[in-house]
There are 2 protein chains.
Amino acid sequence: MEAISYNRPSLTALLRRHGIAPTHQRLEIAQVLFGRCHHLSADQILARVNEQHAETSKATVYNTLNLFCDRGLIREVIVDPKRVFYDPNTDPHHHLYNVDTGEITDIHAGALSVSGLPELPPGMVTEGVDIIVRMRASSPSVG
Amino acid sequence: MEAISYNRPSLTALLRRHGIAPTHQRLEIAQVLFGRCHHLSADQILARVNEQHAETSKATVYNTLNLFCDRGLIREVIVDPKRVFYDPNTDPHHHLYNVDTGEITDIHAGALSVSGLPELPPGMVTEGVDIIVRMRASSPSVG
DNA sequence: GCACAAATTAGACAAAGTCCAATTATTGAA
DNA sequence: TTCAATAATTGGACTTTGTCTAATTTGTGC
């Protein structure tokens, strides 16, 4: 895994390395993504970026998250039909999803192996394999 | 796999077996789900149900799909952040997702095995393991 | 036919995300 | 620096998916 420090100079370098001009707003967003707990939604990122003083618009947050995804800096996590989460960890790994709380935890891919995947149709290429383990508390009140 | 015929009497029986009163609208929706190609979104189901003559409202389609899910008749498929798809196949299986076209295909679980999944935290229970293989055409114009 | 419960409905509403035209930053060159 | 060109950001309107509610309709047993 690429070691990432969370200070401005190294975030600036990180963006540049991915061909992204390091503007003020992008650095703020990068800091939220890489500096705090993982798996935030666009809305949560918007709120955190503007915690101290409003400085970034909704449009910019969405633009930036899509840009970061396109450039391989972060990854979308699609587990909740209501919103997309963004994962600053781009190493191969999977997710444990707490259906009750919405909490997402990483599962390292190293320990895990999948066999028996079918061949893809000709001309097609795997973009990624997502494994989502959905869990819940064992004795919910619903019988 | 439970064999399901797609005529009214067997759909009626299917609903009753799951404790669901077989109303006209529910039978229409069941027919669309079980009788045609798989993995439809709520919107697609709404359109198909009202193809001939408008007979079912948006609210009923959403109510019914949620009811069918709760009762284990169908399953949600969460692969596209824009909408939920509904899968009439409730046997254990996984999905191949064509990122370019949005097309979803089944992967039978029989042929497939996963090892190395971590233990769940105490008091937690697996609700399901979803595996999504995302694929795309091998040489997209984007370099 | 009557009363009661269950299902359906239109349409208002909410949340996530996109789009656009106008403004503001940033950059490189002179 | 200053200027011009380009790139980024912005508010707000808009779209889409899905939920909610209060009123109506339907169905059931008696």
Side-chain angles (χ1 to χ4, degrees), chain A residues 8 11-16 18-33 39-50 53-71 73-87 102 104, chain B residues 8 11-12 15-16 18-33 39-50 53-71 73-87 102 104:
Chain A
R8 286 307 170 108
L11 287 174
T12 301
L14 177 69
L15 297 206
R16 278 206 224 279
H18 286 82
I20 298 170
T23 66
H24 176 63
Q25 287 87 342
R26 286 169 179 172
L27 285 167
E28 287 286 323
I29 292 167
Q31 195 156 45
V32 167
L33 280 165
H39 308 117
L40 299 170
S41 70
D43 243 38
Q44 292 171 324
I45 291 165
L46 178 62
R48 293 198 171 184
V49 158
N50 292 321
H53 9 261
E55 44 194 350
T56 306
S57 71
K58 185 173 73 153
T60 298
V61 168
Y62 279 97
N63 286 345
T64 301
L65 290 172
N66 289 332
L67 180 68
F68 284 6
C69 281
D70 289 351
R71 296 299 220 281
L73 246 158
I74 61 176
R75 222 169 80 172
E76 285 186 335
V77 181
I78 298 163
V79 288
D80 179 339
K82 301 211 111 95
R83 62 190 84 58
V84 172
F85 289 93
Y86 293 90
D87 191 340
I104 301 170
Chain B
R8 287 303 170 110
L11 288 175
T12 300
L15 297 205
R16 279 206 225 277
H18 286 82
I20 297 169
T23 66
H24 176 64
Q25 286 88 342
R26 286 167 180 174
L27 285 167
E28 288 286 325
I29 292 166
Q31 195 156 44
V32 168
L33 279 165
H39 308 116
L40 299 170
S41 69
D43 243 38
Q44 292 170 325
I45 291 164
L46 179 62
R48 293 198 171 183
V49 157
N50 291 322
H53 9 261
E55 44 195 351
T56 306
S57 72
K58 185 173 72 154
T60 297
V61 169
Y62 278 98
N63 287 345
T64 300
L65 290 172
N66 289 332
L67 179 69
F68 284 7
C69 281
D70 289 350
R71 297 297 221 280
L73 245 159
I74 61 176
R75 224 169 79 172
E76 284 185 333
V77 181
I78 298 164
V79 288
D80 179 340
K82 301 213 110 98
R83 63 190 80 56
V84 173
F85 289 93
Y86 294 90
D87 191 340
I104 301 170

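In this text, all values refer to a predicted model and were calculated from it rather than measured experimentally. Reminder, nothing fancy here: chain letters follow the sequence lines and each chain counts from 1.
- D:dT28 atom P lies 8 Å from atom CZ of B:Arg16, rounded to whole Å.
- Looking only at side-chain heavy atoms (C-beta outward), A:Ile20 and A:Arg26 come within less than 4.5 Å of each other.
- Counting to the nearest Å, the P atom of D:dT26 and the CG atom of B:Leu27 are 16 Å from each other.
- One N or O on the side chain of B:Asn50 and one on the backbone of B:Glu55 form a donor-acceptor pair closer than 3.5 Å.
- Distance CD (B:Glu76) to C1' (D:dG18): 12 Å, rounded to an integer number of Å.
- Here A:Ser41 lies out of heavy-atom contact (under 4.0 Å) with every strand.
- At least one side-chain nitrogen or oxygen of B:Arg26 sits closer than 4.0 Å to the OP1 or OP2 atom of C:dA7.
- Put simply, CD1 on A:Ile45 is 19 Å from P on C:dA15, counting in whole angstrom units.
- The base of C:dG17 has none of its N or O atoms less than 3.5 Å from a complementary donor or acceptor on the side chain of B:Lys82.
- A donor-acceptor distance shorter than 3.5 angstrom exists from the side chain of B:Arg71 to the backbone of B:Gly19, with no hydrogens or angles considered.
- For the OP1/OP2 pair of C:dT18 and a distance below 4.0 Å, the side-chain nitrogens and oxygens of A:Asn66 include at least one atom meeting the criterion.
- Using a 4.0 Å heavy-atom criterion, one finds that A:Asp80 contacts no nucleic acid atom at all.
- If you check distances only, the side chain of B:Lys58 does reach the base of D:dG18 with a donor-acceptor pair under 3.5 Å.
- The shortest side-chain heavy-atom distance between A:Asn66 and A:Tyr86 falls under the 4.5 Å cut-off.
- Counting to the nearest Å, the C1' atom of C:dA6 and the CD1 atom of B:Ile20 are 14 Å from each other.
- Within the 4.0 Å cut-off from OP1 or OP2 of C:dA25, not a single side-chain nitrogen or oxygen of A:Gln25 is found.
- Taking atom CG of A:Leu67 as the reference point, atom P of D:dA8 lies 8 Å away to the nearest angstrom.
- Going from atom OH of B:Tyr86 over to atom C1' of D:dG18 covers 9 Å, rounded to whole Å.
- Among the protein residues, A:Thr23 comes within range of the sugar-phosphate backbone only, with heavy atoms under 4.0 Å from sugar or phosphate atoms but none that close to a base.
- The side chain of B:Val84 approaches D:dG18 more closely than any other nucleotide in the set D:dG18, D:dT10, C:dT9.
- Sequence order on DNA chain C of the closest nucleotides to A:Ala59 and B:Glu55 puts B:Glu55 first from the 5' end.
- Put simply, A:Tyr62 has no side-chain N or O that comes within less than 4.0 Å of OP1 or OP2 on C:dT18.
- Here the side chains of B:Thr23 and B:Thr60 are not in contact, with every heavy-atom distance at 4.5 Å or above.
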